[in-house]
Amino acid sequence: MKDEREAALKNARPATQAVRGGHRRTNEMEHAEAIFMTSSYVFDDAQQAADTFAGDRDGNVYSRYTNPTVRTFEERLALLEGGEACAATSSGMAAIFAICMSFLRSGDHLVSSRSIFGSTNVVFNKYLDRFGVGTTYVDPKDLNAWREAIRPETRLLFLETPSNPLSEVADLQALSQLAKEQGALLVVDNCFCTPALQRPLALGADLVMHSATKYIDGQGRALGGAVVGDHEHIEEIVGFLRSAGPSMSPFNAWVFLKGLETLDLRMKQHSANAQALAEWLQAQPTVEKVHYLGLPDHPQHELAKRQQSGFGGVVSFVVRGGQEAAWKVIDSTRILSVTANLGDTKTTITHPYTTTHGRVSDEAKMTAGIVPGLIRVAVGLEDVLDIQEDLARGL
Ligand SMILES: *Cc1c(COP(=O)(O)O)cnc(C)c1O
């Protein structure tokens, strides 16, 4: 019965897997997933405890190692990403750090997209560097730049696609070819698309990581992260998590399980709202440029169409009049939240030049297209007409 159920879910479509994957009922026959808020587990007798500790018997020992609610989340996300296994972590950054600690050693080198989350930059530049791992940054769209940055000691290629905030798309199949030739791991931060819109493993990535804090929760409540890949690589990461400790809380795992159940639906609506907003923005005379993958004039519209099943919820645009004009738009909103977070039902608006990219040098900002007039909107699930009216006030 149980095996048949698991086989049926393995072959089911993503929306079904998102609702039902990984759930094993207890003897109480609960319909919704149970939250196992327990740090440790008990044994029938000393012999059973000894066998479990020795690994001769399956069973929970301690929630830093395994927890049934966390396992349900891991199995569900692995199904959705099309991976063999998943390791859940306490945050998205813990997932990135766990990957680095599991697969890099002193003297190794990593090539990363230059358009990555700010804290990921800090982990690479400050902490990995301190332990003798160097990073070279490249334009994520430029395949030649990736190729030229690879050295004999390169062990890992890291990127987000689409990137934040300009939605640059990297060709994952081409990058996976490069990674294979080098014997390096291709790691994709799939935070912006989620498996509802993009499955990097099917395009040749070795590992996919998430900040579950964003669209997987989807409602701005809890911090968490995850890494998905094959058994061998995930086992390595689990080994690190068990010893070092950034494991996911069972309560947060339950919040994310509920988030996954509506992920497909939400990502479709985030994308539809973002598309409508992007088209509306393009028609505004005070808007100079709109960056959204769903617009046919986005330079990578075709690649995004091949690689993703939707264009996602993040729209960036440049207003005429630089920082002053951009701040006026932001300060004139009455409904949108002025915050750098994203992946929420609530629409957020931010000025990358002075917030998320504030510490980046002017020169690097210009190369990356982070101009003073740029505004990023992470489109939520409100009525898009209200979002437009809120922005119209400052435009
Ligand atoms: C937020 C974010 C992270 C970090 O995740 P936390 O859960 O905040 O630790 C990593 N990558 C991307 C793309 C993000 O947006």
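Atoms within a ligand are numbered from 1 in the order they appear, just like the ligands themselves.
By the salt bridge (Lys or Arg N to Asp or Glu O under 4.0 Å) test, E153 is found to be paired with R151, residues two or more places apart in sequence or in another chain being considered. For A244, the side chain to side chain contact (heavy atoms under 4.5 Å, CB included) test picks out F240, P246, with sequence neighbours left out.
L166 forms part of a hydrophobic cluster together with V318, Y353, M366, I370, V371, L374, judged by ILVMFWY side-chain heavy-atom separations under 4.5 Å.
Across every non-hydrogen atom of A326 and P372, the tightest pair is CB-O, 3.8 Å.
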Identify all pairs of nitrogen or oxygen atoms, one from ligand 1 and one from the protein, separated by less than 3.5 Å, and list them with distances.
from     : atom 1 : to   : atom 2 : distance (Å)
ligand 1 : 5 (O)  : S211 : OG     : 3.0
ligand 1 : 7 (O)  : G92  : N      : 2.9
ligand 1 : 7 (O)  : S211 : OG     : 2.8
ligand 1 : 7 (O)  : T213 : OG1    : 2.6
ligand 1 : 9 (O)  : G92  : N      : 3.1
ligand 1 : 9 (O)  : M93  : N      : 2.9
ligand 1 : 11 (N) : D189 : OD2    : 2.6
ligand 1 : 15 (O) : K214 : NZ     : 2.7

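Note: the hydrophobic cluster containing V338 also contains L277 (ILVMFWY, side chain heavy atoms under 4.5 Å, direct or indirect links).
D217 pairs with exactly one of R221, K214, Q219 by the side chain to side chain donor-acceptor pair (under 3.5 Å) rule, that one being R221.
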